[in-house]
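Step one of this worksheet: look at the structure below.
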Amino acid sequence: LEASYRKISRDFGAIFSTILPGANAKLQAVDESELTNGLQIRVAFNDQWKESLDELSGGQRSLVALSLILAMLKCNPAPIYILDEVDAALDLSHTSNIGTMIKQHFKESQVSYFFDS
C-alpha cells in the first residue's frame, strides 16, 4: 500500500504539472501514521497550496481527475488506453498540454484519444 501510494502521488504530481505548467499536485495522507485513514488531494498554483478543491475551476478539477486516473493507471500499466472527450471542459491550451503529457509519460503504451468536435 505504501509503495503504491508513493508511486501514484509522484506520478500524479508529474502528470498534473505537465498538463498545467507551474502547478503542483500530490496525494497526502490524512493521518501520516495510517494510510488506511484516507488520502486527500492537494493542489498548488505558483507555490500557493489550495485549501480545498472547491477553489478550482471546473476545467482545473477535470485536469486533477484526469491526472489522478492516469497516475493510477501508470501504477499497473496497460498496453493500450482509449480516452474519449477528455477535453470537454478544457480550453485549447490545456488540450494541447494533454497531448504533450501523453507523449512524455506514456511512452510504453498506445494511447488513443478523441476530442470533442
Side-chain angles (χ1 to χ4, degrees):
L1 183 62
E2 179 77 26
S4 294
Y5 158 67
R6 299 238 180 261
K7 177 168 180 23
I8 291 169
S9 184
R10 183 177 52 250
D11 290 340
F12 174 47
I15 289 169
F16 189 72
S17 65
T18 303
I19 296 173
L20 277 173
N24 296 307
K26 64 181 177 179
L27 292 177
Q28 184 174 348
V30 173
D31 176 2
E32 288 294 331
S33 65
E34 185 57 54
L35 278 179
T36 58
N37 287 339
L39 300 173
Q40 62 182 347
I41 296 171
R42 299 295 315 270
V43 177
F45 298 97
N46 301 317
D47 295 323
Q48 295 291 323
W49 291 95
K50 300 295 185 181
E51 293 297 317
S52 167
L53 294 179
D54 291 335
E55 297 179 45
L56 305 180
S57 70
Q60 290 168 333
R61 281 185 271 197
S62 293
L63 294 174
V64 167
L66 177 64
S67 298
L68 183 57
I69 290 167
L70 292 175
M72 289 188 288
L73 291 173
K74 281 187 68 73
C75 191
N76 188 11
I80 186 168
Y81 300 99
I82 299 172
L83 307 173
D84 188 16
E85 294 190 36
V86 295
D87 66 326
L90 306 177
D91 62 30
L92 190 56
S93 66
H94 294 129
T95 301
S96 174
N97 290 346
I98 290 172
T100 301
M101 177 276 299
I102 288 171
K103 288 177 187 170
Q104 182 176 342
H105 294 281
F106 289 87
K107 294 176 184 173
E108 70 282 353
S109 300
Q110 177 180 336
V111 179
S112 297
Y113 47 97
F114 305 96
F115 293 111
D116 192 24
S117 53

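All of these numbers come straight from a predicted model, not from anything done at the bench.
- In this structure, CG in Leu39 is found 12.5 Å from NZ in Lys26, a value given to the nearest 0.5 Å.
- A single hydrophobic cluster is seen to contain both Phe45 and Ile19, as judged by linkage of ILVMFWY side chains at heavy-atom distances under 4.5 Å, directly or through other members.
- Met72 and Met101 fall within a single hydrophobic cluster, where Ile, Leu, Val, Met, Phe, Trp and Tyr side chains are chained together by heavy-atom contacts under 4.5 Å.
- The shortest heavy-atom contact between Val30 and Asn37 is CB-O, 4.3 Å.
- Shown here is Asn46, whose CG atom has no more than 12 heavy atoms of other residues, nucleotides or ligands within 6.0 Å.
- Legend: residues meeting side chain to side chain contact (heavy atoms under 4.5 Å, CB included) with Leu53, ordered by chain and number and at least two apart, are Ile41, Val43, Leu56.
- Atom CG of residue Leu66 and atom CD1 of residue Ile102 lie 7.5 Å apart, to the nearest 0.5 angstrom.
- By the side chain to side chain donor-acceptor pair (under 3.5 Å) test, Asp11 pairs with Lys7, sequence neighbours left out.
- Summarising the geometry of Val64 relative to Phe12, their closest heavy-atom pair is O-CE1, 3.5 Å, with the distance given to 0.1 Å.
- Scored by the side chain to side chain contact (heavy atoms under 4.5 Å, CB included) test, Ala65 finds no partners at all (sequence neighbours excluded).
- Across all non-hydrogen atoms, the minimal contact from Ala23 to Ser17 is O-CB, 3.2 Å.
- Counting only residues at least two apart or on different chains, the side-chain hydrogen bond (donor to acceptor under 3.5 Å, both in side chains) pairs with a member in residues 58-78 are Ser57-Gln60.
- Residues passing the side chain to side chain donor-acceptor pair (under 3.5 Å) test with Gln28, sequence neighbours excluded: Arg42.
- Of all non-hydrogen atoms in Ala29 and Leu35, the two that sit nearest each other are CB-CD2, 3.7 Å.
- For Glu2, the side chain to side chain donor-acceptor pair (under 3.5 Å) criterion is met by Arg6, not counting sequence neighbours.
- Annotation: the span from Leu63 atom CG to Thr18 atom OG1 amounts to 11.5 Å, rounded to 0.5 Å.
- Smallest separation of non-hydrogen atoms from Asp31 and Ser33: OD1-OG, 2.7 Å.
- Counting heavy atoms from C-beta on, the side chains of Leu68 and Ile8 come closer than 4.5 Å.
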